[in-house]
**Q** 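The structure under discussion is supplied below as structure tokens; questions concerning it will follow.
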Protein chains: 2
Amino acid sequence: MDSAADGGNERSFRAGLSRTRGAYLALRDRIARGEFRPGERFPGEPTLAAELGVSRVTLRHALDRLEAEGLVERRMGSGTYLSARGAGSPLVADLANVLTHLVEMGKRTSVKLLSFTYVAPSPDIATALQLPEGERVQRSERVRLIDGTPFSYLVTSVPESIGIGWSEVDLAKKPLLELLERAGLVADHARQTISAALAGPEVARALGIEPGSALLSLTRTVFDPHGRGIEHLQALYRPDLYSFQMDLVRAGHREGRRWRPVAVDGLKPHDDRPPEAAE
Amino acid sequence: MDSAADGGNERSFRAGLSRTRGAYLALRDRIARGEFRPGERFPGEPTLAAELGVSRVTLRHALDRLEAEGLVERRMGSGTYLSARGAGSPLVADLANVLTHLVEMGKRTSVKLLSFTYVAPSPDIATALQLPEGERVQRSERVRLIDGTPFSYLVTSVPESIGIGWSEVDLAKKPLLELLERAGLVADHARQTISAALAGPEVARALGIEPGSALLSLTRTVFDPHGRGIEHLQALYRPDLYSFQMDLVRAGHREGRRWRPVAVDGLKPHDDRPPEAAE
DNA sequence: GATATCTGTATTAATTATAGAACAGGCTTG
DNA sequence: CAAGCCTGTTCTATAATTAATACAGATATC
């Protein structure tokens, strides 16, 4: 393996990643994959720089960032070490035993209302809610915080005819599903899709993270008993503060490896009650 | 150093985002939020550049990328337009009606084995599987493809004493849970966590995406009836090709807004059978 | 204590990103 | 057709990133 003969990352800049950020991601990846143990020393900077194909200065900038995030500790003249919390919470690593029990830990969540408007729905939302052409929606953007730090960014869209039943003040206090019920509507079933997305600058600012971070995405459409859409939710979660956890048990036959979900939620993982709807 | 009086993004470079990439993400975000309709014309380049606080050249580079991804179309002398597929599939937008029905669409998935080794487990995996100190694991990295394009990156860890029962060839062909059963083990229950992560360079290469892309992350630990861990899976999915979808129905009482999951899976959303375990 | 290794720091030079401006040519509207 | 707005292109100047190198201070090892 020489220094830069391999094919791959010569051009590709132009809106791509800087070499510093690339090195940062590479290291973060190796840490997340468990290549190092907590307290273990990294290879020396010259070695690492050679492995990653960048100069030592660049490698150093990447390490600066990892250090700022608390993933590594550096001791002058000695080396760079994986910090205790390096393997654990904020990475790809196993989140099963981390901060998903937020509510139970006595912490409380609060809501901040960012905007509250009536607008023409975007095409995908209009489709999901099966809105007639021209019908507008009440669109509200909220941020949910836990102990003052925001962990989810919520965009809810409700058909105008329904959403007219409450005000901004209500939305800042009560859960949306409660407001829907107060309006005489019945939430009967819902379909939700879980995916991932990058944080854009606006969302990043609202969540206190940097643009380009990974976010957990939840899109949910709630229907009444007649199949009419009454709410559309687009939620983005900080994966270091929130994740979805579910327990599965083997269902029935030994053929076919089928599983039955037991609990679904990010906040209350180990519970025998039916799960709440996440916000 | 003036010309940018607004507060926010003055320093923060150093392993942060380039302005081009920042503008790219901002636009991608606005598209994903449904600010424009398919076929709609964007504001002019000078206007957009001013809004985003970058020069027209930089804004242009961002547009180049969006165009290369097929999100926008540019007509000389006319303007930049949101392409038909701009609102829909590859973004934060609603994935409910996109390619989650892969199997049903007659497409087939295949598996490519990347590596197959016996190594000391990373601390988090050792904890999840409750391995005694010193016990090693059989670690295999695989990529699952659909019609030739990779959509998931799988890292499975099985205690050495168990994994000794099969070979590389088996792993490349059969699902891991089937191999476990053939070894006389019973997969009784499992716990899985869904989160999001950024693609590191290695994973990015394996999945055919660029480093820094958002990935859907699934971590699953499978236990036998005695509560012993028999498999640990760390899966990363391309969110544009794979997502998790679940239907929820209102369970029982009108108090408390509780929901009961009906189906859980990324491949078979609309089905009454218990869901399969996703890989 | 001598020596090697490592991080911290500084300097220089080359490459790349970005801003700003000017101009050419296509589209649109009147 | 003419005026105005738009994208496409090119140029120059400035700033930031990156590489390469050298050296100082700290730490570990023998």
**Q** Does either side chain, that of A:Ser140 or that of A:Thr156, offer a donor lying less than 3.5 Å from an acceptor on the other one?
**A**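 Looking only at side-chain atoms, A:Thr156 and A:Ser140 do form a donor-acceptor pair, the distance falling under 3.5 Å.
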
**Q** May I ask you to verify if any side-chain N or O of A:Thr80 is less than 4.0 angstrom from the OP1 or OP2 atom of C:dC6?
**A**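 It does not, given that no N or O in the side chain of A:Thr80 lies less than 4.0 Å from OP1 or OP2 of C:dC6.
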
**Q** Which residue, B:Arg205, B:Arg238, B:Arg21, forms the salt bridge (Lys or Arg N to Asp or Glu O under 4.0 Å) with B:Glu210?
**A**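 That would be B:Arg21; it is the only one of B:Arg205, B:Arg238, B:Arg21 passing the salt bridge (Lys or Arg N to Asp or Glu O under 4.0 Å) with B:Glu210.
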
**Q** Distance check needed: D:dG8 P versus B:Glu45 CD, whole Å only.
**A** 6 Å

**Q** Side chain of B:Arg60, heavy atoms from C-beta onward: which of D:dT7, C:dT18, C:dG8 has the nearest atom to it?
**A** D:dT7

**Q** A:Leu52 CG to D:dA19 P: how many Å, rounded?
**A**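 In whole Å, D:dA19 P and A:Leu52 CG are 11 Å from each other.
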
**Q** Describe, in one word, how the ring planes of A:Phe42 and A:Phe36 are oriented to each other, choosing from parallel (under 30°), tilted (30 to 60°) and perpendicular (over 60°).
**A** parallel

**Q** To the nearest Å, how far apart are A:His61 NE2 and C:dG8 C1'?
**A**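 It works out to 12 Å between those atoms.
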
**Q** Is the phosphate of D:dT18 approached by A:Ser18 (side-chain N or O, under 4.0 Å from OP1 or OP2)?
**A** yes

**Q** In whole Å, what is the span from the CG atom of A:Leu48 to the C1' atom of C:dT7?
**A**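 Value for this atom pair: 13 Å.
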
**Q** Does A:Leu59 or B:Pro43 map to a spot on DNA chain D nearer the 5' end, using the closest nucleotide for each?
**A**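 Result: B:Pro43.
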
**Q** Side-chain N or O of B:Arg74 versus OP1/OP2 of D:dC6: is the shortest distance under 4.0 Å?
**A** no

**Q** Looking only at side-chain atoms of B:Thr20, point me to the closest of C:dC6, C:dT18, C:dT9.
**A** C:dT18

**Q** May I ask you to verify if any side-chain N or O of B:Thr58 is less than 4.0 angstrom from the OP1 or OP2 atom of C:dA19?
**A**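 Answer yes for this pair, as a side-chain N or O of B:Thr58 is under 4.0 Å from OP1 or OP2.
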
**Q** Without decimals, in angstroms, what is the distance between B:Arg41 CZ and D:dT7 C1'?
**A** 11 Å

**Q** Applying ring pair (Phe, Tyr, Trp, His ring centres under 6.0 Å), can you list everything that pairs with B:Tyr81, at least two apart in sequence or on another chain?
**A** none

**Q** Please find the pair of heavy atoms, one from B:Gln234 and one from B:Thr219, that lie closest to each other, and give the distance.
**A** NE2-OG1, 3.0 Å

**Q** Mark up nucleotides 21-30 of chain D, 5' to 3', with B wherever a protein heavy atom is under 4.0 angstrom from a base atom, S wherever such an atom reaches only the sugar-phosphate, and - elsewhere.
**A** -B--BBS---

**Q** What's the CZ-C1' distance between B:Arg19 and C:dT16, to the nearest Å?
**A**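 My rounded result for the distance is 15 Å.
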
**Q** Could you report the tightest heavy-atom contact between A:Gly208 and A:Pro150, atom names first, then the distance?
**A** N-CG, 4.4 Å

**Q** Quick check on the 6.0 Å ring-centre criterion: do B:Tyr242 and B:Phe244 meet it?
**A** yes

